[in-house]
Undergrad: 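Below is one structure. I have some questions about it.
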2 protein chains.
Amino acid sequence: MFTLDQLAGFVAVAEELHFGKAAERLNMTQPPLSRQIQKLEKSIGTELLERDNRKVQLTPAGTAFLDEAKRLLALANRAPITARRIATGRSGVLRVGFTAASGFSILGPLLEEIASILPEVDIDLQELVTGEQIQGLLTGELDLGLARPPFDGQVFDSHLLYRESMVLAVPAGHPLTDLTRPVEDEDLRDEALIMHSPTQAAYFYDLVIRMHTIQHGNVLHSVSQILTMVSLVAARRGVAFVPHSATLLAIKGVEFLPLAGRSSEDPVELHAIWNRKVANPALRRLLQDLEFRTE
Amino acid sequence: MFTLDQLAGFVAVAEELHFGKAAERLNMTQPPLSRQIQKLEKSIGTELLERDNRKVQLTPAGTAFLDEAKRLLALANRAPITARRIATGRSGVLRVGFTAASGFSILGPLLEEIASILPEVDIDLQELVTGEQIQGLLTGELDLGLARPPFDGQVFDSHLLYRESMVLAVPAGHPLTDLTRPVEDEDLRDEALIMHSPTQAAYFYDLVIRMHTIQHGNVLHSVSQILTMVSLVAARRGVAFVPHSATLLAIKGVEFLPLAGRSSEDPVELHAIWNRKVANPALRRLLQDLEFRTE
DNA sequence: TCGGGTGATACTCGGAAGGCATCATGTTCA
DNA sequence: TGAACATGATGCCTTCCGAGTATCACCCGA
C-alpha cells in the first residue's frame with residue numbers, strides 16, 4: 001500500500017512536471033522524491049509518469065490517478081477538521097462558494113434556509129468566480145457552489161436556483177432615463193459601454209454578445225465584477241448590462257432601466273452545483289431536505 | 001499527517017471494539033496497534049475512541065471519522081485498480097477522428113467492433129478532414145484516424161480498411177441515366193461538373209484528376225464535403241464524382257451511375273491510421289485485438 | 001486477595017526514508 | 001564537435017520510525 005506522502009509527491013511532480021521543482025515545493029531534495037514516485041508506481045503496479053531525460057509527462061493511467069490522488073488528499077485533509085468540529089460540539093462544515101452577483105440576492109435567504117436545516121453546521125463562505133468554484137468542487141475544497149453555466153454534467157449535479165433578466169445600469173439623470181419604453185440596442189449606438197471580461201466573466205460576456213448588437217468601438221472597460229461595473233457607472237464612465245439582482249445594490253447615482261428583446265426573458269441563470277460524488281454528510285442531508293435531485 | 005495504515009488500524013478497532021481482536025485481524029500484535037491509534041488521535045487533534053480498561057467505544061467524532069476513514073480507504077483501494085485498468089487499455093478514452101465520407105459506411109460497424117473489444121472505453125468521436133486528423137495524431141489530441149492517403153509512413157502506421165470505386169452522382173432523370181453501359185469521360189464533355197476542393201479534399205481531387213479527363217471549363221464548384229456535393233447534384237447544379245459509399249446517402253433526386261475505366265477498380269482507399277508512438281494503452285489493446293500490424 | 005482480561009509502556013532491532021555525492025544521458029551553444 | 005549544463009536515477013550513510021517482546025497498570029469477578 002502506498003502512503004499519503006507518496007501521493008503528495010506524485011501530485012507535486014504531476015503538476016510541476018519537474019522533479020527538482022516538485023521537490024523544492026515539498027521542502028525536500030530530489031533523490032528521495034524520485035524514489036518515492038518509483039515506490040508508488042511499484043505499489044500501484046503501473047507507470048504513472050513517463051520521463052525521458054529531458055521532460056516528464058503523465059501517462060494516461062497517471063492522468064486518471066492524479067485525479068484520484070487529489071481527491072484522496074483533499075479527503076484526508078478534510079477528515080480531521082470534520083472530526084475536530086464534531087468533537088467541539090458542532091456537527092460539521094459546509095464550504096460554499098458563490099459568485100459576487102449571487103451575493104446580492106439569493107445568498108442571504110439560502111443561508112438562512114441552510115441554517116434552519118443544518119443548525120449545527122458551520123458554513124464557510126468564499127466568493128469565487130464560476131471557474132474557481134468548479135476547481136474547488138473538483139478538489140474537494142468546496143462542497144457547494146452557486147455558479148453559472150456551463151459546467152460538466154458528467155461530474156457535477158446541479159439545481160436551477162433562479163433566472164433573472166438583464167437590465168441596463170445608467171448614471172442618474174442620463175438621457176436614457178427619460179424613455180418611457182424599454183431600451184433598444186439602437187439607443188445604445190453612441191453610449192460608452194462597460195463590458196464584462198470575456199475571460200473572467202465569460203458567462204455574462206457571452207450572454208450579452210448573443211442577445212445584443214454591440215458597437216465595439218463603444219466598449220470602454222472589460223471588468224469581471226458586477227460591483228465594479230456598477231461603480232464605474234456611478235462614476236459616469238458609461239452604461240453597463242447587469243443582472244437584475246444588481247438593482248439591490250444601493251449605490252447612489254445609478255439607475256436601472258429595462259431592456260427590450262430577449263434580455264427581458266430572464267436569461268440569466270444561477271445554479272447550485274455540487275460534485276456528484278457527494279462526500280460531505282452535511283451536504284447530503286441538505287440536498288435531501290431541499291429536495292434537490294441527487295443520485 | 002496520519003498514514004493509511006493508521007486509518008486501517010482505526011477502522012479495525014472501531015469495528016471490533018477490541019484492540020486485541022483488531023490486531024489479530026490486521027496480522028499484528030496489540031501494542032503497536034495501540035500506539036498507531038494514539039498517533040492517529042494526536043495527528044487528528046481529538047479523541048476518536050473512549051477506552052476504559054473494560055471496553056472500547058467510539059466518540060461522536062470517532063463515528064464521523066470512521067465514515068471518512070472508510071471512504072478514504074475505499075478510494076485508496078480503488079485508485080490503483082483504476083490506474084491499472086487504464087494502463088492495460090481496459091478502460092479509458094479513445095479519441096477517434098473520421099472523415100465525413102467514412103461516416104456513411106464503415107464508422108458504424110467499426111464502432112461496434114471497438115465497443116465489443118473495449119466495452120469500458122469511452123469513444124470520443126470527431127469529424128475531421130484528413131489533414132486535421134494528421135495534425136491531431138501528431139499533437140496527441142487524437143488516438144486513431146479514419147483517413148485517406150497520403151500520410152507520412154515514418155510517423156504513422158496504418159491499416160487499409162477498405163477500397164471502393166468512384167461513381168457518378170447525377171440528378172434523377174438526367175439523360176445519362178439512360179445509358180446501359182458505364183459512363184465514359186467522353187460522355188461528360190458537356191456536363192457541368194461539381195468538383196472537389198483541391199486544397200480541402202485533395203485526395204479526391206487528385207484521384208479524379210489522375211483518372212479522368214476533365215474539361216476545366218465545365219467545373220462549377222469546388223467543395224470539400226461529399227454531402228454538399230450530393231446536395232448540389234440534387235439541386236440539379238451538375239454531376240459529381242463521389243465514392244461508392246455515398247450511395248448510402250438516401251438523398252432524393254440523385255442517382256448514381258458506374259464509371260468506366262480505372263475508377264471501377266476500387267481506387268478509393270480508407271485507412272485507419274495512428275501515431276507509431278502509441279501512447280494510449282486502449283489503442284494498443286485495440287490494435288492487437290484487431291490484428292492490425294504494429295511495431 | 002488472587003487470577004484473568006485488557007490496554008498502555010519500555011526497550012530493542014530492522015528497515016525505510018531522507019540527505020549528500022555522484023552518475024548517466026540528453027541538450028544546447030560556442 | 002565537444003564542453004557545459006540540465007535533469008532524473010543510484011549508491012551510500014545516517015537517522016528515525018515502527019513492529020515485536022516483555023512487562024506494567026488497572027479493573028473485575030470469584
Side-chain angles (χ1 to χ4, degrees), chain A residues 1-59 61-63 65-66 69 72-73 76 80, chain B residues 1-59 61-63 65-66 69 72-73 76 80 277 279:
Chain A
M1 177 61 64
F2 50 87
T3 69
L4 293 172
D5 284 343
Q6 286 168 3
L7 289 187
F10 169 65
V11 171
V13 176
E15 286 180 353
E16 301 281 349
L17 293 178
H18 189 290
F19 278 73
K21 285 180 195 143
E24 195 176 341
R25 185 167 125 189
L26 296 166
N27 291 316
M28 64 191 291
T29 56
Q30 168 264 319
L33 180 58
S34 281
R35 279 181 302 226
Q36 251 188 11
I37 303 291
Q38 287 164 12
K39 279 191 187 159
L40 178 62
E41 290 180 323
K42 196 173 165 190
S43 83
I44 301 293
T46 187
E47 299 242 310
L48 300 173
L49 294 164
E50 204 157 12
R51 44 269 207 212
D52 72 13
N53 277 335
R54 207 74 205 144
K55 63 180 184 296
V56 178
Q57 262 187 320
L58 279 165
T59 64
T63 309
F65 191 77
L66 174 60
L72 250 153
L73 289 174
Chain B
M1 177 62 64
F2 50 85
T3 70
L4 292 172
D5 285 344
Q6 287 167 5
L7 288 187
F10 170 67
V11 171
V13 175
E15 286 179 354
E16 300 283 347
L17 293 178
H18 188 292
F19 278 72
K21 284 179 197 149
E24 195 175 341
R25 186 167 124 187
L26 296 166
N27 292 316
M28 62 191 293
T29 56
Q30 168 265 320
L33 180 57
S34 282
R35 281 183 305 233
Q36 255 188 5
I37 305 290
Q38 287 163 16
K39 280 189 186 160
L40 179 61
E41 289 180 325
K42 195 172 166 191
S43 83
I44 302 292
T46 188
E47 299 242 309
L48 299 172
L49 294 163
E50 204 158 9
R51 45 271 208 205
D52 67 17
N53 278 331
R54 212 70 208 147
K55 63 179 184 297
V56 179
Q57 262 188 319
L58 278 165
T59 63
T63 309
F65 192 77
L66 175 59
L72 225 102
L73 288 174
K277 289 189 231 150

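No hydrogens, no waters, no symmetry mates; every other heavy atom, side chains included, goes into these values. In what follows, every chain begins at residue 1, and chains take the letters A, B, ... in the order their sequences are listed.
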Undergrad: From D:dT7, D:dG20, C:dA8, pick the nucleotide closest to the side chain of B:Arg35?
TA: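 Nucleotide nearest to B:Arg35's side chain: D:dG20.
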Undergrad: Rounded to the nearest 0.5 Å, what's the gap from CE on B:Met1 to CD on B:Gln6? Could you check?
TA: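 If we round to the nearest 0.5 Å, B:Met1:CE and B:Gln6:CD are 10.5 Å apart.
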Undergrad: Heavy-atom distance under 4.5 Å between the side chains of A:Leu72 and A:Phe65, does that happen here?
TA: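 A side-chain contact is absent here, since even the closest heavy-atom pair is not under 4.5 Å.
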Undergrad: Using whole Å, report how far CG of A:Leu33 lies from C1' of C:dC20.
TA: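 Rounded to the whole Å, the gap is 16 Å.
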Undergrad: Would you say B:Gln38 reaches C:dT9's phosphate, i.e. side-chain N/O to OP1/OP2 under 4.0 Å?
TA: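 So the side-chain polar atoms of B:Gln38 do come within 4.0 Å of the phosphate oxygens OP1 or OP2 of C:dT9, strictly under.
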Undergrad: Hey, could you give me the CG/CZ distance between B:Leu26 and B:Phe19, rounded to the nearest 0.5 Å?
TA: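 So the gap between those two atoms works out to 11.5 Å.
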Undergrad: Nearest-Å distance, NZ (A:Lys42) to C1' (C:dA16)?
TA: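 The answer, rounded to whole Å, is 13 Å.
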Undergrad: Tell me if a side-chain donor or acceptor on B:Gln36 pairs with a main-chain N or O of B:Ala8 at a distance below 3.5 Å.
TA: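 Pair absent, no side-chain N/O of B:Gln36 close to backbone of B:Ala8.
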Undergrad: Remember a base hit wins even if backbone is also touched, and classify B:Gln30 as base, sugar-phosphate or nothing at under 4.0 Å, heavy atoms.
TA: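 Contact class for B:Gln30: base.
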Undergrad: Is the phosphate of C:dA8 approached by B:Ser34 (side-chain N or O, under 4.0 Å from OP1 or OP2)?
TA: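 So the side chain of B:Ser34 is within the cut-off, an N or O lying under 4.0 Å from OP1 or OP2 of C:dA8.
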Undergrad: Without decimals, in angstroms, what is the distance between B:Leu17 CG and C:dT6 C1'?
TA: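 Interatomic distance, CG of B:Leu17 to C1' of C:dT6: 14 Å.
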Undergrad: Rounded to the nearest Å, what distance is computed from the CZ atom of residue A:Phe2 to the C1' atom of nucleotide C:dA16?
TA: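 One finds 18 Å between C1' of C:dA16 and CZ of A:Phe2, rounded.
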Undergrad: Quick one: B:Met28 CE to D:dC17 P, roughly how many Å, whole number?
TA: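 In whole Å, D:dC17 P lies 17 Å from B:Met28 CE.
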Undergrad: Does any N or O in the side chain of B:Glu41 come within less than 3.5 Å of the main-chain N or O of B:Leu48, such that one atom is a donor and the other an acceptor?
TA: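 Yes, because the side chain of B:Glu41 sits within donor-acceptor range (under 3.5 Å) of the backbone of B:Leu48.
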Undergrad: Need to verify one output field. Residue with the more 5' nearest nucleotide on DNA chain C, A:Asp52 or A:Pro32?
TA: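 It is A:Pro32, whose closest nucleotide lies nearer the 5' terminus.
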Undergrad: Are A:His18 and D:dG8 close enough that a side-chain N or O sits under 4.0 Å from OP1 or OP2?
TA: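 Yes, within the criterion.
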Undergrad: From the set D:dA9, D:dA19, D:dG18, return the single nucleotide nearest to any side-chain atom of B:Gln36.
TA: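 Nearest nucleotide to the side chain: D:dA19.
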Undergrad: Please pick, from C:dG18, D:dG8, D:dT10, the nucleotide with the shortest atom-to-atom distance to any side-chain atom of A:Pro31.
TA: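 Comparing C:dG18, D:dG8, D:dT10 against the side chain of A:Pro31, the answer is D:dT10.
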Undergrad: Taking CG from B:Asp5 and P from D:dG18, how many angstroms apart are they, rounded to a whole number?
TA: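 From B:Asp5 CG to D:dG18 P: 9 Å.
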Undergrad: Please state whether the phosphate of D:dA19, meaning OP1 or OP2, lies under 4.0 angstrom from any side-chain nitrogen or oxygen of B:Thr29.
TA: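 No, because none of the side-chain N or O atoms of B:Thr29 sits under 4.0 Å from OP1 or OP2 of D:dA19.
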Undergrad: Would you kindly give the CD-to-P distance between B:Glu47 and C:dA8, to the nearest whole Å?
TA: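 Value for this atom pair: 10 Å.
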Undergrad: Find the distance B:Leu4:CG to D:dG18:P and express it as a whole number of Å.
TA: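 After rounding, the reported distance stands at 13 Å.
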